[in-house]
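One structure below.
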Protein chains: 4
Amino acid sequence: MTPIERYGVETPEVNKPLRADARRNRARVLAAAEAVFAAEGVGASTEAVAKRAGVGIGTVFRHFPTKEALLEAVLVERMRALVEHARSASQDGDAGVALFGFLEHVIEQSATKNAFADALSGAGVDVTQVVGDVRGELLAAIDVLASRAQAAGALRRDVGAAEVIAVLVGASHAAMWAPDAKTRSTAVGVILDGLRPGGPRKDGLR
Amino acid sequence: MTPIERYGVETPEVNKPLRADARRNRARVLAAAEAVFAAEGVGASTEAVAKRAGVGIGTVFRHFPTKEALLEAVLVERMRALVEHARSASQDGDAGVALFGFLEHVIEQSATKNAFADALSGAGVDVTQVVGDVRGELLAAIDVLASRAQAAGALRRDVGAAEVIAVLVGASHAAMWAPDAKTRSTAVGVILDGLRPGGPRKDGLR
Amino acid sequence: MTPIERYGVETPEVNKPLRADARRNRARVLAAAEAVFAAEGVGASTEAVAKRAGVGIGTVFRHFPTKEALLEAVLVERMRALVEHARSASQDGDAGVALFGFLEHVIEQSATKNAFADALSGAGVDVTQVVGDVRGELLAAIDVLASRAQAAGALRRDVGAAEVIAVLVGASHAAMWAPDAKTRSTAVGVILDGLRPGGPRKDGLR
Amino acid sequence: MTPIERYGVETPEVNKPLRADARRNRARVLAAAEAVFAAEGVGASTEAVAKRAGVGIGTVFRHFPTKEALLEAVLVERMRALVEHARSASQDGDAGVALFGFLEHVIEQSATKNAFADALSGAGVDVTQVVGDVRGELLAAIDVLASRAQAAGALRRDVGAAEVIAVLVGASHAAMWAPDAKTRSTAVGVILDGLRPGGPRKDGLR
DNA sequence: GATGAATGAGCTTTCATTCAT
DNA sequence: AATGAATGAAAGCTCATTCAT
């Protein structure tokens, strides 16, 4: 379910046909912002977002009253997509495949889409209440994946959802930093290996 | 060789006393830039750096012709410190302790010092030739640590210096993202565990 | 005749019931504009007026094609109220009480209602033809008050309606400027005293 | 003494020759602002001020960090001029001529220079500490004029400096409002007459 | 007729960079 | 060599006005 459809949820049959264009524009602005910020970084100008969305700059500010609000909305959007993905992954029969498949998918995207990993870390934006809500949902969704994986013996028992996310953030950045595909693949493999049981050394090395 | 001494390179014969203050100023500006950018992010104004250094803004631009050059110099400075640290760590008797001690030290700093981890990843700045040089030095220094650790059986044999750095970058970001000390400690432990031998699963899961 | 009825003038035959809401809206917008501009100054946004009036911004512009037209309408409205007041004051038996009572009432309001005095002076708005009509009516109404007061020996004979209004404008601003009630009362008293006979010094001081 | 020379006071002989141009520019910006705001009102753009001063817009903001600060500086400048004028007027032999000459001079300027009278009333700008200081000086300077005039029997005894200023503000606005020279002259005369002794009517009309 | 979303010129403000002193 | 005043190109944001619904 895309965020656009959420609107439909609150307006089951018909409500205000007036807002059809507004809705369309809000979605276009959000998509444009996602693309522009991914390509040029959060320093990209709001004007660039407007141009990309094919709307006037006033329209951007009508929907998102400050640039920070826009950034936040993009963040929330990205996190929401993660939540969706995590939830659908939980349907997978094999709990281990479900968890690690999800993690690898996210990491893969990060390597491509500049600053996608930052969606998880808040990327310089002061995370507010709104983000807090989605963050909770993400934690819950990943908790499901993690618990099932632990029950199936595919995940270390000493980590919770928060730790899994932290490791995911780390792996994403490792993937972004790696200069070539081979390094990236190996480094990510190493990090994810740390999550598998057989885990913490018992030899006292640390 | 400190970055300051590089200036001496351009005056092979004698170091004129005239340049004493220039040298001092360059160092002060660099230190100020490091502090200011760490505290306020790379968006901080050059003027703020000048003020912190106690010099006029013209002086900053005399030493670093653009803001990007200044950022780059800070980056190089940070990486050089890493190189120094890695080199001195190689002196440690226990190769495993040497490597992991170094890694944990760097990660610890990252959690504290805003954007220190970004020094390794280039932090939005287009890394140029100059950085390339230091990066080579860092790779070499870490290669020494890694090789010795592998010889001592403390590090997986399928990773090289590049992979170790990638994992380090990842662990640093994981540490930065973690909301509390316990999560941070566990997540970092998990990631570093992945580097230890006993490594890649043999069960065909990946 | 209220400003609302002017609409009727354009529909000489019948007042279609259709226009009932339009009329109501025009009045609500005008009242809202008066309140908003008084509270926030003429810099207040048209949107704020619409919100206060409980109508869409499009409705405001339907009734008043530009912001200046809206300001002008507010001005006319205020002046019309003054005219009404002056006319009803002329009914008073004592011509002196009628005039000075009117003046003091206007001044009192000025001290309270931000920029009320500016209604008389045009307050930065280019006064156009429409205002000119009401201004004529005001001059006439005050001329009646002044003439009667002069006949009764309560007003200097060397002033006409224009001068009385000028003095009234001055007294209003003096009242607005005065930092406290005592200063205000004394200053206004001084200014109005100048209007009473016994008037211009004959001692050659000016 | 112009505001420019005040600088000289603090730098009796030589000090920082560097600031010669800065001083010149500050004065030019201030003069330009005074002219532009007088001509177009306080809504005039800062850019217009810069253009008029023949400097870049950055220069305006270097000297006055916000537009409000610029407005305030203009205000202070105007008030300071008033203070100077009042002080030099106090030198006049005839105390009555000194006071009324000063008042008429100010009023005359108001009629010409748009919004000059507003310098006294704060004209929509939130008056801050700085303005407060000058206001105190103005009160003191006018107090001298008023006291001397009262001693000489040229001014009502029931008014103080605050009341004189309030009346002055009123007279200025009356002058600004008056549509023609004759009305202006008469109205101003009437208001100033109220300040002369012989003052409050004793006939019980008020 | 009413609505409010869209528009874009224009405003204030910041900041990297230049250059006269 | 150092200074900091001057510059002006953006950037974020507002608001009168238009127009599709």
Side-chain angles (χ1 to χ4, degrees), chain A residues 16-26 29 43-50 54-68 70, chain B residues 16 18-23 25-26 43-51 55-70, chain C residues 18-23 25-26 43-51 55-70, chain D residues 16-26 29 43-50 53-68 70:
Chain A
K16 298 173 189 168
L18 218 9
R19 256 157 197 166
D21 56 337
R23 214 142 84 188
R24 193 164 42 246
N25 273 341
R26 201 195 120 98
V29 168
S45 79
T46 311
E47 184 97 35
V49 172
V55 303
I57 193 164
T59 302
V60 176
F61 278 92
R62 163 172 282 271
H63 288 294
F64 308 95
T66 65
K67 188 188 183 181
E68 200 175 348
L70 179 56
Chain B
K16 301 192 197 134
L18 250 314
R19 290 223 163 113
D21 58 333
R23 218 138 84 179
N25 274 343
R26 201 194 120 98
S45 77
T46 313
E47 183 97 36
V49 171
K51 201 155 285 175
V55 303
I57 192 169
T59 303
V60 175
F61 275 89
R62 166 167 293 272
H63 288 294
F64 308 94
T66 65
K67 189 188 184 181
E68 201 175 349
L70 178 56
Chain C
L18 249 315
R19 291 226 162 111
D21 58 333
R23 217 139 84 180
N25 274 343
R26 200 193 122 97
S45 76
T46 313
E47 184 96 36
V49 172
K51 201 154 286 174
V55 303
I57 192 168
T59 304
V60 175
F61 276 88
R62 166 167 293 273
H63 288 293
F64 307 95
T66 65
K67 189 189 184 181
E68 200 174 350
L70 178 55
Chain D
K16 296 174 188 167
L18 220 6
R19 253 156 199 169
D21 57 335
R23 213 143 83 189
R24 193 165 41 247
N25 273 342
R26 200 194 120 97
V29 168
S45 79
T46 312
E47 183 98 35
V49 172
V55 303
I57 193 165
T59 302
V60 175
F61 277 89
R62 165 170 281 270
H63 288 292
F64 308 95
T66 64
K67 188 187 182 181
E68 199 174 349
L70 179 56

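All heavy atoms count here, side chains included; hydrogens, waters and symmetry mates do not. If you're wondering where the values come from, they're calculated on a predicted model, not measured in any experiment. Chain identifiers are assigned alphabetically (A, B, ...) following the order of the sequence lines, protein sequences preceding nucleic acid strands; residue numbering begins at 1 within each chain.
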- request: Could you tell me the separation between the CZ atom of Phe64(C) and the P atom of dC15(F), rounded to a whole number of Å?
  value: 20 Å
- prompt: Taking any strand in view, what nucleotide pairs with dT21(E) in a Watson-Crick or G-U wobble way, both distances under 3.5 Å?
  reply: dA2(F)
Distance test, side-chain N/O of Thr46(C) to OP1/OP2 of dC15(F), below 4.0 Å: no
Whole-Å distance separating the CZ atom of Arg23(C) from the C1' atom of dA2(E): 18 Å
- line: Whole-Å distance, Leu70(A) CG to dG12(F) P, equals 10 Å
message: Here's a test of your reading of the structure: between Val60(D) and Pro65(C), which maps to the more 5' nucleotide of DNA chain F?
response: Val60(D)
message: Looking at every non-hydrogen atom in both residues, tell me the closest pair between Thr46(A) and Phe61(A) and how far apart they are.
response: CG2-CE1, 3.6 Å
message: Quick check: on DNA chain E, is the nucleotide nearest Glu47(B) upstream (toward 5') of the one nearest Ala44(D), or the reverse? Name the residue that is more 5'.
response: Ala44(D)
Position toward the 5' end of DNA chain E (nearest nucleotide), Gly58(A) or Thr59(C): Thr59(C)
Lys67(B) NZ to dT14(E) P, straight-line distance once rounded to whole Å: 15 Å
task: Taking only the side-chain nitrogens and oxygens of His63(D), find out if one of them lies under 4.0 Å from OP1 or OP2 of dA6(F).
output: yes
task: Among dT17(F), dT12(E), dA6(E), find the nucleotide with the atom closest to the side chain of Ser45(D).
output: dT12(E)
query: Between dC15(E), dT17(F), dT14(E), which one does the side chain of Phe61(C) approach most closely?
result: dT17(F)
- prompt: Rounded to the nearest 0.5 Å, how far apart are CZ of Arg24(D) and CG of Asp21(D)?
  reply: 6.0 Å
- request: Could you please name the option among dA2(F), dC13(F), dG1(E) that lies closest to any side-chain atom of Asp21(C)?
  value: dG1(E)
query: Looking only at heavy atoms, which two atoms of Ala50(D) and Val60(D) are closest? And how far apart?
result: CB-CG2, 3.7 Å
- prompt: Applying a 3.5 Å limit to both distances, which nucleotide forms a Watson-Crick or G-U wobble pair with dT12(E)?
  reply: dA11(F)
- request: Return the nearest nucleotide to the side chain of Ile57(B); candidates are dG8(E), dA5(F), dA5(E).
  value: dA5(F)
message: For the CG atom of Leu70(A) and the CD atom of Glu68(A), what is their distance to the nearest 0.5 Å?
response: 10.5 Å
task: Go through dG4(F), dT12(E), dT17(E) for me and flag the one nearest to the Arg62(D) side chain.
output: dG4(F)
- prompt: Any side-chain heavy-atom pair from Arg26(D) and Val29(D) closer than 4.5 angstrom?
  reply: no
- prompt: Looking at Asn25(B), does any N or O in its side chain come under 4.0 Å of the phosphate oxygens OP1/OP2 on dA2(F)?
  reply: yes
message: Heavy atoms from C-beta onward define the side chain here; which of dT3(F), dA6(F), dA1(F) lies closest to that of Ala22(D)?
response: dA6(F)
